[in-house]
Amino acid sequence: MEAAIGSETWIGDLGPARPADAVVSTTPHRPPEPLPRRAYRQLGELLRSGGALVDGEHFAPEPAGPSEIRARIGRLHAERRRAFDHEDWDEWWSAVADDPAFAELVAERRRRAAAVPGTKDSNLPPSHHVRLLRAAGFGQAGSVWQFDSSHALVAVLLTAGPRTATRVA
C-alpha cells in the first residue's frame, strides 16, 4: 500500500479502520512548510487522543545558539568514537545510484519524488516542526535523538481531531 504524505487523500488511501495509536515516518527530504503543516493536521485526525507520532528526518540546522553547541559536541563525540568512518546519507544514495543493479529502483525513486509537490528540500529546523506539531494539536513535541542533522521528533496528540470521510485538511 502506498500513499503520498500530505496529499489531499493520503490518509484515506491508507484506509485505516480505526484511530491509530502511533505513526512512524521517515522522509528522505525536508519538505517546505505547507506540506508538513497539512500532514500534521491530517495525522491529528488519524491518531487517537494520546497517540504518538515519531518522525525521523534530516532537518536544517537551528539558528546559532544552544542547539549549535549541542550539535558541535555531538560531532566531536562522534569523531572521537570514529562514528564517521562510514557513509553518510548522501554518500549512501550516491553509491546506490552508481550501482547498475539499482538503476531501475533509483529511477523510480526519482520519478516519485518529482511527481509529489513539495519534495524540494527546505530550511525548516526541528524547532519549526515542533511549532507546526503544536499548532496541529500535539501538546508534547520535541527532538528525542539527534546525530548531526538527523533527528527523531516525537509528538503526543492531546485531543483527537474530528474524523471526516474525506480527510481533507
Side-chain angles (χ1 to χ4, degrees), residues 1-78 81 83-84 88-90 92 113 116-169:
M1 179 177 320
E2 295 181 27
I5 294 174
S7 71
E8 294 293 327
T9 62
W10 76 281
I11 290 180
D13 293 344
L14 292 175
R18 62 184 177 86
D21 295 322
V23 173
V24 177
S25 171
T26 58
T27 56
H29 62 279
R30 297 178 296 250
E33 183 173 323
L35 193 132
R37 178 185 300 277
R38 181 172 53 244
Y40 295 153
R41 277 195 315 244
Q42 291 166 325
L43 287 169
E45 292 182 4
L46 172 65
L47 288 165
R48 66 167 177 79
S49 293
L53 166 64
V54 178
D55 185 20
E57 289 192 43
H58 297 282
F59 289 107
E62 294 284 356
S67 63
E68 186 177 282
I69 295 168
R70 181 176 57 237
R72 174 79 175 136
I73 290 169
R75 280 191 299 276
L76 290 172
H77 177 73
R81 296 184 67 225
F84 293 119
D88 67 15
W89 179 258
D90 293 327
W92 187 86
V116 177
T119 57
K120 301 289 186 220
D121 279 358
S122 72
N123 288 321
L124 299 179
S127 61
H128 194 89
H129 283 266
V130 167
R131 284 193 296 278
L132 293 175
L133 284 160
R134 288 194 175 137
F138 292 87
Q140 299 173 358
S143 182
V144 296
W145 175 86
Q146 176 186 354
F147 182 81
D148 201 26
S149 67
S150 299
H151 289 257
L153 293 182
V154 174
V156 177
L157 189 66
L158 287 178
T159 305
R163 306 284 185 248
T164 62
T166 58
R167 307 260 195 230
V168 175

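Sequential numbering from 1 along the given sequence is applied to the chain's residues.
With Val154 as the fixed residue, the side chain to side chain contact (heavy atoms under 4.5 Å, CB included) test singles out one of Val24, Leu53, Val144: Val144.
In this structure, CD on Gln140 lies 7.0 Å from CG on Leu158, to the nearest 0.5 angstrom. How far OG of Ser25 is from CG of Asp55: 4.5 Å, rounded to the nearest 0.5 Å. Here the CG-CZ distance, from Leu157 to Arg48, works out to 9.0 Å after rounding to the nearest 0.5 Å.
Put simply, the side chain of Trp10 reaches to within 4.5 Å of the side chain of Gln42, judged on heavy atoms. Contact of the Val23 side chain with the Leu46 side chain is registered, since non-hydrogen atoms from C-beta on lie closer than 4.5 Å. With contacts defined as side-chain heavy-atom distances shorter than 4.5 Å, the pair Leu132/Phe138 does not qualify.
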TODO: Could you walk me through whether His129 and Leu124 pass side chain to side chain contact (heavy atoms under 4.5 Å, CB included), step by step?
DONE: CA-CA 7 Å; His129 283 266; Leu124 299 179; 3.8 Å; yes

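Closest of all the heavy-atom pairs between Gly142 and Val130 is CA-CG2, 3.9 Å.
Looking at Arg134, its side chain does come within 3.5 Å of a backbone N or O of Ala141 through a donor-acceptor pair.
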